[in-house]
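Below is one structure, written out as structure tokens, with a few remarks after it.
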Amino acid sequence: MGARDISFASFNLLNLQTPGDAIYGDTDGWDPDIYQRKIDFTAATMARLNADVVGLQELWAPAALDQVLADAGMNSDYTALTPPDHAGDKIVCAAAVRTDVLVGDPEWIVDFPDEYVLKSGGDDPQQDYLEVNLSTFSRPVLHFQVQPDPRTPVIHVFVCHFKSRRPTQIWRERSWYDKDVHGDHTNALGYAISTVRRTAEAAALRVIITKLLKKTDTPVVVIGDMNDGKVSNTLNILSEQPTYLSPLSAGGGDNALYTAQTIQEYRSVRDVYYTHVYKGQRESLDHIMFSQEFYDNSKRRKWAFDEMVVQNDHLNYDDHKESGTNDHGVIRVVFKWKPAPDVTS
């Protein structure tokens with residue numbers, strides 16, 4: 001790759017925790033042999049990715065990530081980004097970043113921005129008043145900056161992990177849950193609650209990104225397990241649904257985020273992209289999204305999309321808790337430095 005080119009990857013680690021340490025209600029955690037298999041698989045995958053920036057989800061123990069980088073032969077060239085003083089008692093968003101491209105210090109965004117408000121009396125007289133009182137990300141969003149070369153702009157990177165689509169376990173709600181009343185409806189209510197939380201998180205991150213992108217030339221990349229497909233409401237909120245232009249058109253959205261999946265599909269005979277399998281259904285839940293500075297048809301393009309690779313063969317086997325593999329596909333996107341003709345190179 002050229003000095004000004006850059007690559008990004010997304011990797012859900014499936015509860016990477018040190019052996020014997022608790023993972024949610026499982027107080028015994030990973031067996032040492034299975035843990036070593038996880039380290040071997042994760043390290044081999046990281047080495048094969050060879051990406052400049054790897055956004056990580058479901059990391060418990062920073063020490064486990066350190067071991068992965070050491071076994072992958074990456075510890076001398078990469079910096080592990082993990083929350084300071086993280087005790088390994090919950091999953092976090094993290095990253096492995098080539099040290100020579102990292103700029104400044106990372107931050108983990110916990111609170112929703114002040115501009116985020118979900119309250120409405122509705123735009124129809126038949127609608128009731130709605131209010132969603134959420135104020136924090138369930139998994140704090142990692143934000144950091146990279147610069148592949150002194151001649152390129154600084155890129156803002158966000159790593160996120162939105163609420164899963166599995167139903168929230170409402171039977172834990174002692175203040176209102178009544179098995180006789182709600183027992184037959186736990187799935188429906190639980191799915192709805194998870195959807196509301198995921199939607200709120202997408203809206204909050206979109207507000208943060210808009211404040212950074214609007215009327216600027218700031219390059220932004222968003223990496224994450226968003227737990228929803230590219231045409232879902234979650235992705236629509238986050239992307240602001242830009243128009244993908246025809247090959248000979250030029251434009252770009254000032255405030256938009258484009259998905260690597262869509263650009264790759266334009267170059268493929270058919271869509272074979274999936275990062276998750278559930279009950280035999282193959283879906284794309286993991287995404288890399290980028291601002292118009294990375295979009296081929298943008299008049300403000302600085303980098304051009306080169307390729308996207310998905311490593312997902314391991315998803316064909318439902319043995320992740322024994323084999324050490326993870327339950328999500330791993331995606332990698334490469335961008336080549338190729339400014340649009342009207343952009344100074």
Quiz prompt | Intermediate values then yes/no, side chain to side chain donor-acceptor pair (under 3.5 Å), Gln57 and Asp225 | solution = CA-CA 7 Å; Gln57 307 89 37; Asp225 173 5; over 6 Å; no
Self-check item: Residues Lys211, Glu115: salt bridge by 4.0 Å N-O rule
Solution: yes
Practice problem: Any chance you could lay out the side-chain contact (heavy atoms from CB on, under 4.5 Å) test for Asn227 and Thr234, step after step, and finish with the verdict? | Solution: CA-CA 9 Å; Asn227 272 309; Thr234 304; over 6 Å; no
Quiz item: Within the side chain of Tyr258, is there an N or O that forms a donor-acceptor pair under 3.5 Å with the backbone of Thr243?
Solution: no
Exercise. Quick one: sort the His156 and His143 rings into parallel, tilted or perpendicular, breaks at 30° and 60°.
Key: parallel
Practice problem: Tell me yes or no: between the side chains of Trp60 and Asn15, is some donor less than 3.5 Å from an acceptor? | Solution: yes
Practice problem: Determine, step by step, whether Phe41 and His314 satisfy the ring-ring contact (aromatic ring centres under 6.0 Å, His included) criterion, reporting the C-alpha distance in whole Å, the side-chain angles of both residues, the deciding distance to 0.1 Å, and the verdict. | Solution: CA-CA 10 Å; Phe41 169 81; His314 59 278; 5.2 Å; yes
Quiz item: To the nearest 0.5 Å, what is the distance between CZ (Arg206) and CD (Glu201)?
Solution: 16.0 Å
Quiz item: Is there side-chain contact between Thr275 and Asn312, with at least one heavy-atom pair below 4.5 Å?
Solution: no
Quiz item: Just checking, is any N or O donor in the side chain of Thr152 or Asp149 under 3.5 Å from an acceptor N or O on the other one?
Solution: no
Practice problem: Treating Ile, Leu, Val, Met, Phe, Trp and Tyr as nodes and any side-chain heavy-atom pair under 4.5 angstrom as an edge, say whether Val157 and Met289 lie in one connected cluster. | Solution: no
Quiz item: Between the main-chain N or O of Asp228 and the side-chain N or O of Ser232, is there a donor-acceptor pair closer than 3.5 Å?
Solution: no
Self-check item: N/O donor-acceptor pair under 3.5 Å between Thr82 side chain and Pro62 backbone
Solution: no
Practice problem: To the nearest 0.5 angstrom, please state how far the OG1 atom of Thr168 sits from the CD1 atom of Ile170. | Solution: 8.5 Å
Quiz item: Are Lys119 and Glu131 within salt-bridge range, i.e. N to O under 4.0 Å?
Solution: yes
Exercise. Just do the side-chain contact (heavy atoms from CB on, under 4.5 Å) check on Glu58 and Arg139 with the steps written out, would you?
Key: CA-CA 9 Å; Glu58 291 198 26; Arg139 290 99 177 204; 5.9 Å; no
Practice problem: For the residue pair Ser175 and Glu173, confirm or rule out a side-chain donor-acceptor distance under 3.5 Å. | Solution: no
Practice problem: Begin with the C-alpha distance, continue with both residues' side-chain angles, and end with the deciding distance and a verdict on side chain to side chain donor-acceptor pair (under 3.5 Å) for His320 and Thr325. | Solution: CA-CA 5 Å; His320 312 299; Thr325 57; 2.8 Å; yes
Quiz item: Taking the six-membered ring for Trp, are the ring centroids of Phe144 and Trp108 within less than 6.0 Å of each other?
Solution: no
Quiz item: What distance separates Ile6 CD1 from Phe335 CZ, expressed to the nearest 0.5 Å?
Solution: 9.5 Å
Quiz item: Would Phe294 and Trp303 count as a close aromatic pair, with their ring centres under 6.0 Å?
Solution: yes
Quiz item: Between Met46 and Leu69, is any pair of side-chain heavy atoms under 4.5 Å apart?
Solution: yes
Quiz item: Looking at the rings of Trp176 and His182, which for Trp means the six-membered one, are their centres under 6.0 Å apart?
Solution: yes
Exercise. Might you confirm whether atom CG of Asp313 has over 12 heavy atoms from other residues, nucleotides or ligands at distances under 6.0 Å?
Key: no
Quiz prompt | Contact check, side chains of Val103 and Val146, non-hydrogen atoms, under 4.5 Å | solution = no
Practice problem: Would you give the length of the straight line joining atom CG of Leu56 to atom CD1 of Ile223, rounded to the nearest 0.5 angstrom? | Solution: 9.0 Å
Quiz item: Taking everything shown except Tyr317 itself, do over 12 heavy atoms lie less than 6.0 Å from its OH?
Solution: no
Self-check item: Exam field: side chain Ser194 to backbone Tyr191, donor-acceptor pair closer than 3.5 Å
Solution: no
Quiz item: Between Ser239 and Gln241, is there a donor-acceptor pair closer than 3.5 Å when you use the side chain of the first and the backbone of the second?
Solution: yes
Quiz item: Could you walk me through whether Asp111 and Thr136 pass the side chain to side chain donor-acceptor pair (under 3.5 Å) check?
Solution: CA-CA 4 Å; Asp111 297 325; Thr136 61; 5.8 Å; no
Exercise. Consider only side-chain heavy atoms of I, L, V, M, F, W and Y, link residues closer than 4.5 Å, and tell whether Met308 and Val222 are in one cluster.
Key: no
Quiz prompt | Within 6.0 Å of CG in Asp26, more than 12 heavy atoms from elsewhere | solution = yes
Quiz item: Taking atom CG of Asp128 as the centre, does the number of heavy atoms from other residues, nucleotides or ligands within less than 6.0 Å exceed 12?
Solution: no
Quiz item: Is any side-chain heavy atom of Leu16 less than 4.5 Å from a side-chain heavy atom of Ile39?
Solution: yes
Quiz item: Can you tell if the side chain of Val132 reaches within under 4.5 Å of the side chain of Tyr116, non-hydrogen atoms only?
Solution: yes
Exercise. Answer yes or no: is there a donor N or O on one side and an acceptor on the other, between the side chain of Asp306 and the main chain of Lys336, under 3.5 Å?
Key: no
Quiz item: So does Arg165 have more than 12 non-hydrogen atoms from other groups sitting under 6.0 Å from CZ?
Solution: yes
Practice problem: Report yes if the distance between the aromatic ring centroids of Phe112 and Phe137 is under 6.0 Å, otherwise no. | Solution: yes
Quiz item: Does a side-chain heavy-atom distance below 4.5 Å link Pro106 with Leu142?
Solution: yes
Quiz prompt | Test side-chain contact (heavy atoms from CB on, under 4.5 Å) applied to Phe158 and Val221, step by step | solution = CA-CA 6 Å; Phe158 294 87; Val221 173; over 6 Å; no
Practice problem: First locate atom NZ of Lys163, then atom OG of Ser138, and finally report the distance between them rounded to the nearest 0.5 Å. | Solution: 7.0 Å
Quiz item: Just how far is it from atom NZ of Lys230 to atom CG of Leu238, taken to the nearest 0.5 Å?
Solution: 15.0 Å
Quiz prompt | Donor-acceptor contact present, side-chain Ser298 to main-chain Gln292, <3.5 Å | solution = yes
Exercise. Would you confirm whether Thr99, through its side chain, and Asp77, through its main-chain N or O, come within 3.5 Å as a donor-acceptor pair?
Key: yes
Quiz item: Any chance the side chains of Arg48 and Gln311 put a donor and an acceptor closer than 3.5 Å?
Solution: yes
Quiz item: Between the side chain of Asp319 and the main-chain N/O of Glu322, is any donor-acceptor distance below 3.5 Å?
Solution: no
Quiz item: Near Asn316 CG, under 6.0 Å, is it more than 12 heavy atoms from other residues, nucleotides or ligands?
Solution: yes
Quiz prompt | More than 12 heavy atoms of other groups within 6.0 Å of Asp85 CG | solution = no
Exercise. Kindly indicate whether the side chain of Leu59, heavy atoms from C-beta on, has any atom under 4.5 Å from the side chain of Cys93.
Key: no
Exercise. Assess the side chains of His276 and Asp327: does a donor N or O sit below 3.5 Å from an acceptor N or O?
Key: no
Practice problem: Would you please say whether a donor-acceptor pair under 3.5 Å links the side chains of Tyr35 and Gln67? | Solution: yes
Practice problem: Start with the C-alpha distance between Phe8 and Asp52, add both sets of side-chain angles, then the distance that settles side-chain contact (heavy atoms from CB on, under 4.5 Å), and finish with yes or no. | Solution: CA-CA 6 Å; Phe8 301 90; Asp52 299 312; over 6 Å; no
Quiz item: Got a donor-acceptor contact below 3.5 angstrom from the Gln261 side chain to the His287 backbone?
Solution: no
Exercise. Please say which of Gln36, Arg37, Lys38 ends up in a side-chain hydrogen bond (donor to acceptor under 3.5 Å, both in side chains) with Asp40.
Key: Gln36
Practice problem: I would like to know whether Thr259 and Thr262 meet side chain to side chain donor-acceptor pair (under 3.5 Å); could you show each step before the answer? | Solution: CA-CA 6 Å; Thr259 67; Thr262 300; 2.7 Å; yes
